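I have a structure I would like to understand better, so I am pasting it below and will then ask my questions one at a time.
Every value quoted in this text rests on a predicted model; they were computed, and no experiment measured them.
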Amino acid sequence: MNALKNRVQLIGNLGNTPEIITLDSGKKLAKFAIATNETYKNAQGEKITDTQWHNIVAWNKTAEIIEKYLEKGKEVMIEGRLTSRSFEDKEGNKRYITEVVCNELLMLGSKQNT
């Protein structure tokens with residue numbers, strides 16, 4: 001049971017160009033979303049594609065690589081851990097978000113990886 005841990009692996013395409021934030025401490029944060037697709041046939045035999053969107057965040061060196069090489073539409077493999085957090089929006093409503101904190105990135109179709 002010790003081998004079980006919070007681990008996520010996704011292969012998908014970037015839905016937007018990553019947002020890069022440089023904090024006062026000098027650390028970099030990359031934020032973006034990727035889409036994963038699952039295709040199946042429904043009861044009528046029609047091909048259905050189900051697209052799921054995943055929020056991704058990456059820090060430091062991984063964020064720097066993302067800033068340099070990734071853009072909307074690129075296919076990537078992400079490995080990381082799932083996190084959930086809450087915050088208050090501008091109207092004071094409590095919002096919840098689930099993100100994958102990326103610790104490994106493979107740019108598919110490219111020789112670059114981390």
Side-chain angles (χ1 to χ4, degrees):
M1 294 296 271
N2 287 341
L4 298 178
K5 60 181 181 177
N6 182 354
R7 181 174 159 183
V8 176
Q9 292 181 322
L10 298 168
I11 296 176
N13 295 87
L14 273 73
N16 57 339
T17 297
E19 175 186 359
I20 306 298
I21 300 167
T22 303
L23 303 177
D24 292 340
S25 64
K27 290 184 178 183
K28 283 204 175 185
L29 169 64
K31 297 168 76 173
F32 58 98
I34 66 169
T36 57
N37 296 313
E38 181 180 356
T39 304
Y40 62 92
K41 289 188 179 181
N42 65 12
Q44 293 77 31
E46 300 167 325
K47 182 178 171 182
I48 304 294
T49 300
D50 179 34
T51 302
Q52 296 291 318
W53 288 94
H54 311 276
N55 296 312
I56 312 294
V57 295
W59 292 92
N60 303 320
K61 184 178 178 186
T62 305
E64 290 173 13
I65 291 167
I66 289 167
E67 179 180 32
K68 189 171 183 179
Y69 294 105
L70 294 187
E71 58 190 25
K72 181 178 180 175
K74 293 281 188 180
E75 186 177 31
V76 294
M77 191 282 297
I78 300 289
E79 182 174 294
R81 61 185 168 80
L82 202 57
T83 63
S84 296
R85 60 185 173 85
S86 62
F87 63 95
E88 283 191 16
D89 66 14
K90 294 175 185 175
E91 291 79 37
N93 299 314
K94 193 165 191 174
R95 302 285 184 183
Y96 299 89
I97 188 167
T98 300
E99 301 168 316
V100 176
V101 178
C102 174
N103 55 31
E104 289 192 46
L105 168 75
L106 177 64
M107 292 174 270
L108 302 177
S110 171
K111 295 178 183 174
Q112 300 287 331
N113 62 33
T114 64

* Asked: Run the side chain to side chain contact (heavy atoms under 4.5 Å, CB included) check on Val57 and Leu29 step by step: do they pass?
  -> CA-CA 7 Å; Val57 295; Leu29 169 64; 4.1 Å; yes

* For residues Ala63 and Ala58, report the shortest heavy-atom separation together with the two atoms involved. =>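 It is CB-O, 3.5 Å.
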
* Asked: Quick one: does Val76's side chain get under 4.5 Å of Tyr69's, heavy atoms only?
  ->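 No, their side chains stay 4.5 Å or more apart.
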
* **Contact check, side chains of Asn103 and Thr62, non-hydrogen atoms, under 4.5 Å** =>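 No. Closest side-chain heavy atoms not under 4.5 Å.
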
* Name the one of Ile11, Val100, Leu106, Val101 that satisfies side chain to side chain contact (heavy atoms under 4.5 Å, CB included) with Ile78? ->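 Of the listed residues Ile11, Val100, Leu106, Val101, the side chain to side chain contact (heavy atoms under 4.5 Å, CB included) partner of Ile78 is Val100.
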
* Asked: How far apart are the closest heavy atoms of Trp53 and Gly15, and which atoms are they?
  ->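 Smallest interatomic distance, heavy atoms only, reads CZ3-CA, 3.5 Å.
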
* Asked: Looking at residues at least two apart in the chain, or sitting in another chain, which of them share a side-chain contact (heavy atoms from CB on, under 4.5 Å) with Ile97?
  ->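 With neighbours one apart ignored, the set is Asn55, Arg85, Phe87, Glu99.
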
* Any chance you could measure Ile34, atom CD1, to Lys74, atom NZ, to the nearest 0.5 Å? =>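 If we round to the nearest 0.5 Å, Ile34:CD1 and Lys74:NZ are 15.0 Å apart.
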
* Looking at OG1 of Thr17 and CD of Glu71, how far apart are the two atoms once the value is rounded to the nearest 0.5 Å? ->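 Rounded to the nearest 0.5 Å, the OG1-CD separation comes out at 6.5 Å.
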
* Between Trp59 and Leu70, is there a shared hydrophobic cluster once you connect ILVMFWY residues whose side-chain heavy atoms come closer than 4.5 Å? ->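 Trp59 does not cluster with Leu70.
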
* If Ile, Leu, Val, Met, Phe, Trp and Tyr residues are connected whenever their side-chain heavy atoms lie under 4.5 Å apart, and connections chain through other members, are Ile21 and Ile66 in the same group? ->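 No, Ile21 does not connect to Ile66 through the hydrophobic network.
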
* Asked: What pairs of residues pass the side-chain hydrogen bond (donor to acceptor under 3.5 Å, both in side chains) test when at least one of them lies in residues 19-39, not counting sequence neighbours?
  ->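 As it turns out, the side-chain hydrogen bond (donor to acceptor under 3.5 Å, both in side chains) pairs with a partner in residues 19-39, which skip direct neighbours, are Lys28-Glu67, Thr36-His54, Asn37-Thr51.
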
* CE-CD distance between Met77 and Gln9, expressed to the nearest 0.5 angstrom ->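 Those atoms lie 6.0 Å apart.
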
* Asked: Residues in side-chain contact (heavy atoms from CB on, under 4.5 Å) with Lys94, at least two apart?
  ->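 With neighbours one apart ignored, the set is Ser86, Tyr96.
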
* Partners of Gln44 by side-chain contact (heavy atoms from CB on, under 4.5 Å), sequence neighbours excluded? ->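 Partners of Gln44 under the side-chain contact (heavy atoms from CB on, under 4.5 Å) test: Asn42, Glu46.
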
* Does Arg81 have any side-chain hydrogen bond (donor to acceptor under 3.5 Å, both in side chains) partners at least two apart in sequence or in another chain, and if so, which? ->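 Partners of Arg81 under the side-chain hydrogen bond (donor to acceptor under 3.5 Å, both in side chains) test: none.
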
* For Asn13, all residues meeting side-chain contact (heavy atoms from CB on, under 4.5 Å), sequence neighbours excluded ->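 Testing Asn13 for side-chain contact (heavy atoms from CB on, under 4.5 Å), a comparison that skips the adjacent residues, returns Glu75.
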
* Asked: Applying the 4.5 Å side-chain criterion to the ILVMFWY set and letting contacts propagate, would Leu10 and Ile65 be lumped into a single cluster?
  ->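 Same cluster.
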
